[in-house]
Amino acid sequence: MFEPVRGKPDFPAIEAAISQLWRERGIYKKSLEQRRGSKRFVFFEGPPTANGMPHPGHCLTRTIKDLYPRYRTMRGEYCERKAGWDTHGLPVEVEVCKELGIHSKAEIEAFGVEPFIHRCQESVWRYMKEWEALTERIGFWIDLSDAYVTYHQSYVESVWWALAELFNGGLLYQGHKIVWWWAQGGTALSSGEVGQGYREVADPSVYVAFPLLDDEGNQTTRSLVAWTTTPWTLPSNQFAAVKADLEYVVLREMPGGGDGAGSGIPAQEYIVAEPLAAPLGEKMKKQFEVVDRFMGSTLVGRSYVPPFDTFRPAGSPQATPLQAGGSQPAAWRVVAADFVTTDSGTGIVHIAPAFGEVDYTVLAFEQARFAEGRGPTLLNCVAPDGTFTDTFPMGSGRFVKECDRDITRDLRTRNLLVHQEQYVHDYPFCWRADNDPLIQYPRQSWFIRTSQFREQMLANNARIDWLPEHIKDGRFGNFLETNVDWALSRERYWGTPLPIWKCETTGKAEAVPSYAALVAKPGVQGTDVFEKAKAANPKLSDDLRVHKPYIDAITYDSPFAAGARMRRVPEVIDCWFDSGAMPFAQWGWPHRGEQDFKTQFPADFISEAIDQTRGWFYSQLAISTLLFGAEETPYPHPFRTCIVLGHMLGEDGQKMSKSKRNYREPAEIFDKYGADALRWFFLAGQPPWTSIRYSERAIRESVPEFLLRLWNVYSFFVIYARIDGFDPASLLDAPGPLDHADLAKARGYRPVADRGELDRWMLSELNATCAAVVHRMDRYDHFGAAAELSALVDAVSNWFVRRSRDRFWSAGRADTGPEGNAAKLDAYWTLYETLLTIARLAAPFVPFVSEAIWHNLAVAAFGDTVPESVHLTDFPTGSEPLVDRDLVRRMAIVRDVSSLGRAARAAEKLKVRQPLSKVEVILAEGHGGDAADAAWLEAHADLVCDELNVKQFEICREPDRYITRAVLPDLKKLGPRLGKDLPKARDAITKADAAALLAALSRDGRATIPLAGGGEAVIEKDDVMIRTTAKEGWAAAEGPRAVVVVASQLTPELVAEGLVREVVHAVQSQRKTLDLEFTDRIELAFETASPELTSAIEHHLDYVASETLAVSATFGGLDGAAVESLDIDGHPLTIAIRRTGTAPAATGGEA
RNA sequence: GCGCGCGUAGCUCAGUUGGUUAGAGCGCUACCCUGAUAAGGUAGAGGUCCCAAGUUCGAAUCUUGGCGCGCGCACCA
């Protein structure tokens, strides 16, 4: 027998109990075991970082990541779910630095790399408990005990193998490039990391004069005006770039204002691009006259005085021999460059090759023009820590950005500052230390030649199913097309060490694919460093063996030079490479895990939020393509389908972030509403790729619509099943999965075909929904599937249960015994089957509530002869033979007619309590309905009468009394055929005599109508639709399927009945205010001065008494009764109620 | 600046290949039910489908150009 159900569910408490049940019985493991050997569904877990608290965004990803594996498992597939943790990288180091109160690399070195690494390793697990709790709480089934961890030796060795492969293939190289440099952190960042840190800031923007030299090397009064937002790069200026085919003008200040006028100092003349001259004048609020104009090519080759003489020797510029013969000064010369634009600035670009990628290409180009070894060298007066060196005394030892002000002031005193303003633009900061601006800086760095694989990556991408689809060719495709080589190395500490050892003599390098390969090298030394540390501290993790600083101690004999040693390069790698290597590194492949890797590659399904486009999605695709791309595969790799989730927004619509903590803790939501509420909100609230507004209100409001409604139906079922003795276990001896075929074996389970219409309808809807949900879920459309589920629960609650109440409350027991009531038993079987099936359908979505329902309806009833968990059952796919489409359609018509009837009543202010004599229904033609529908509807007159509280139902025989018919052209059919004549045809059809036209069409199947302005059109029967419109003066409502007319005339009898219903309603309200149980019996007495009301009550006294459970109903007073005076439709009435006793709760009898 | 996405009811969002009366939930208002009851149900009000032009017989839907929002990118010197 079923356990009693609390009417008001405490979902969090229910979920806690279910959670415990799963844990104790190992349901997750069993769900896997049960499918072992079946077709695999491969899922990759994108590793989160556990050194921060989980937030609502993680709840979303974990919900989606749980949904599909659960669904697939129920569909019969085998889906391993290996957890993973991302443990390396800057986020961890920065967190540890914060704890230590330090920031710079120097401080880390002072603290000691070894203890620092230990701290990092501990920090990684700081919030592990919270993560594990969240994972269990939200019902994310995954193997936490067997998680892959990116710092583990086996993982690191897999990454080493990958890097060695790339190195040996010539795809991993060291290059000198301008990189985005985090000076305080002393490392370059990848483009992905740089992208994370853009922020809008106001920088000083300066217009600086570069005085031109004449042919003799003397300074002239004409100056180039260059624009820059990074004054600190000016000391390292090497060139000025112009566009050769752009017009430049020479500006002289008009007399009458400004500095220098009349002071004897020759007026300054400024050279700028013609289109930018006027804007500059406006900014400076000065009048200029143009004294000369020429093309940019005229300027090319001219020498100028750089703003600072940091690197400039005294005297005239030195002529340097060119490759092609002749000579030129190597630096401080005007060059031509195509990238110069007139979008902003002056059309003259200050070139500091050390601090700009484009600037660097100018230098490289210029170097090639000069004789070997004589060209310009890179000028740089900034140290790697972002401070000026002694080469630039003014800023020596200070961070460059802090010197902007002093540099500007200096320029002004030397009359070189033409103009200054604030410039608001986006500038990158370190994504982990967001007060540190990044600078572009020349650096040796290790790169992966990903750009060489652009086409292969695009081809691979083309075969991936992206959801939403536009990611493929949009955001992700674009990113691939503009791919640049992956800046892999990090000059940091806590990361996978770059497994490259260099010969100290020759500088030649080789890559090492594993620790074993390393210690097998000839003359290996230094392995004892770790062993000693381990001896001193036995708790030291063995995995640190392959980390800094221990790994750096290991050296071996160079194969390149006799007597030389091989030493590791100092860098670690970008942690995104770690996570991207996860498809094979999670198994330690290729050093081990061959079988696992083979069966678990590629993934069928992954899902993360959109910020992973350039993160994990890219790193996986790039690594997989580079390593495995040579082989033709019939599938994309390393994943086939990827759901890209939208960003989670806070209550204010702002983006949430771990560091800003601008969100409610998930735990609070779990405690108040439960995990299933949150899951349903995520899954059913919106398509997964839209950004989700995470608000408590929205979560709360999503509960009644589905979870609570489902629970209420379930609770209704259990309450009455217990009362009526519906005990499936006593009717079914050898239960199996409790699906339709299984239940059909039960005694008293009548074949569906023999059952009442409502039952057949319910099972039709149920099975149709199963098929629809499967269809949606197979296409990763859980949002659509959730809508189907929601509609099904609505159908059960608002139609099946409501229309079945009579059966549930009718006399007799719900069994096959002598008191058995077959119709009642049918109702129970139908609702039972429906609820069991819904529990299975909803299981992947709301696993807790589904389990609670299953547990009571199946396990509590049958014990261990049925599956002990809903998650061990097969997902219902729907049985087509049980679906009766005609019935579904016709029931929809009844619901429509009822709804329209109520609308008609409402329009005339006729409340449902007032009985009416008649309802007439005119069915629309041409809406897929037919004559059989009308007959069917007529057969359901009682149902409609009951719903609408009318005495009589009729399909209207004289529709013309109530409606007018209009013939409407079916534009979709006629449009393509008639084209431009359509408007004329439409007018002609609309204006034509509808009756005559219809007659002609039904007689001949076609009709010819004349068109305005000549010509005619032939229309066929199917080319038109008939619209019926209610005539004025009737209580009618029209919908697409029918017009419903209610008779609004009231007879005295009807009025009296209406009054009585009002009285009953008043008594019931009174019962409720008196807090009477629904089984309490009462004595009832009325007093009224209205003869009309007196008469009405007298005529229906029995009805009143039975409806209100009154043992007596009289006129007059009643001692000790609760008395209430009120107004019944304008008639005064006093009601006296006295409780007399309680009848035993039972169904049957007074329905 | 370039790219991607979005713009539909007070709020959150659907809207299938262009087709006649643009939908849902919540909220609001009114009503119903009172044996699922601190539940449940029905109806109503509420829309220049961001703007403009174009294509078309016909545009929320397609095209172009604006405007606004979000996100991403980076040769913003």
Side-chain angles (χ1 to χ4, degrees), chain A residues 7-8 191 194-195 198 226-230 233 241 337 339-341 343-345 348-352 355-359 361 423 425-428 468 470-471 473-479 482 610-611 613-614 646-647 649 653 655 684-687 689-693 695 697-698 701-702 704-705 708-709 711-717 719-720 783 787 790 797-798 801-802 805 808-809 898-899 902-903 905-907 909 911-913 949 968-976 978-986 1025 1027 1038-1040 1065 1068-1069 1071-1072 1078-1079 1109 1145 1147 1150-1151:
Chain A
K8 194 177 175 234
S191 57
V194 175
Y198 274 89
W227 177 65
T228 182
T229 54
T230 49
T233 62
F339 59 77
V340 176
T341 64
D343 296 339
S344 55
I348 297 172
V349 178
H350 142 66
I351 303 286
F355 309 113
E357 213 174 318
V358 183
D359 305 45
T361 62
Y423 184 72
H425 64 157
D426 290 325
Y427 193 86
H470 59 75
I471 296 285
D473 295 320
R475 190 167 291 214
F476 196 71
N478 289 342
F479 178 61
T482 58
I610 188 152
D611 53 304
T613 313
R614 284 135 209 282
H647 258 299
L649 306 174
K655 184 177 159 180
Q686 55 277 305
W689 44 79
T690 55
S691 40
I692 295 177
R693 189 85 73 94
S695 76
R697 191 181 65 96
E701 285 173 354
S702 77
E705 182 194 331
L708 194 57
R709 193 175 278 166
W711 192 267
N712 282 332
V713 174
Y714 157 68
S715 151
F716 174 92
F717 170 81
I719 289 171
Y720 289 101
F783 176 63
S790 204
S797 172
N798 294 332
V801 170
R802 193 152 67 92
R805 278 177 172 158
F808 286 114
W809 298 337
S898 304
S899 171
R902 274 187 284 265
R905 296 188 70 118
K909 300 208 188 317
K911 45 182 136 178
V912 183
R913 241 178 272 143
N949 193 19
L968 287 179
D970 186 338
L971 299 176
K972 211 166 182 173
K973 290 206 176 92
L974 286 173
L978 298 180
K980 280 190 199 295
D981 285 335
L982 190 71
K984 288 184 212 159
R986 185 183 53 204
M1025 296 176 297
R1027 158 102 55 88
E1038 58 197 78
H1065 173 65
Q1068 301 288 27
S1069 305
R1071 283 183 63 112
K1072 195 168 180 189
F1078 71 75
T1079 48
L1109 296 193
T1147 57
E1150 58 268 298

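The sequence lines fix the lettering, A, B, ..., with proteins before strands; numbering per chain opens at 1.
Under the ring-ring contact (aromatic ring centres under 6.0 Å, His included) criterion, A:F716 pairs with A:Y720, A:F808, not counting sequence neighbours.
Between the base of B:C33 and the side chain of A:R913 there is no donor-acceptor pair shorter than 3.5 Å.
In this structure, B:G54 and B:C62 make a Watson-Crick or G-U wobble pair, each of the two defining distances being under 3.5 angstrom.
Nearest nucleotide to the A:Y720 side chain, out of B:A38, B:A77, B:G35: B:G35. Comparing B:A36, B:G5, B:A77 by their closest approach to the side chain of A:H470 singles out B:G5. When each of B:C73, B:U34, B:A36 is scored by its nearest atom to the side-chain atoms of A:W809, the top-ranked nucleotide is B:A36. Among the nucleotides B:U34, B:C76, B:A36, the one closest to any side-chain atom of A:F716 is B:A36. In the set B:G25, B:C71, B:A77, B:G25 carries the atom at the smallest distance from any side-chain atom of A:E705.
Heavy atoms only, all atoms of each residue included: A:F783 and A:A684 are closest at CE1-O, 3.2 Å. Between A:D359 and A:H350, the shortest heavy-atom contact is OD2-O, 3.7 Å.
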Counting primed atoms, P, OP1 and OP2 as sugar-phosphate and everything else as base, the B/S/- map of nucleotides 13-19 of chain B against protein heavy atoms under 4.0 Å is SS--B-B
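How far OG1 of A:T228 is from CD1 of A:I348: 13.5 Å, rounded to the nearest 0.5 Å.
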Polar atom pairs between nucleotides 41-43 of chain B and protein, under 3.5 Å, N or O only, would you list them?
unit_1: B:G41; atom_1: OP1; unit_2: A:R709; atom_2: NE; d: 3.4
unit_1: B:G41; atom_1: OP1; unit_2: A:R709; atom_2: NH2; d: 3.1
unit_1: B:G41; atom_1: OP1; unit_2: A:N798; atom_2: OD1; d: 3.3
unit_1: B:G41; atom_1: OP1; unit_2: A:N798; atom_2: ND2; d: 3.3
unit_1: B:U42; atom_1: O2'; unit_2: A:R902; atom_2: NE; d: 3.3
unit_1: B:A43; atom_1: OP1; unit_2: A:S899; atom_2: OG; d: 2.4

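With C1' as the reference atom, B:C51 and B:G27 are 29 Å apart, rounded to whole Å.
Between A:I610 and A:I471 the shortest side-chain heavy-atom distance falls below 4.5 Å.
As a whole-Å value, the separation of A:L708 CG from B:C26 P is 12 Å.
Here A:R805 lies in heavy-atom contact (under 4.0 Å) with a base.
Where A:I351 and A:H1065 meet RNA chain B, the nucleotide closest to each residue was compared, and A:H1065 sits on the side nearer the 5' end.
Side-chain N/O atoms of A:T229 include one lying less than 4.0 angstrom from OP1 or OP2 on B:A77.
Judged by distance alone, the side chain of A:R802 and the main-chain N or O of A:N798 form a donor-acceptor pair under 3.5 Å.
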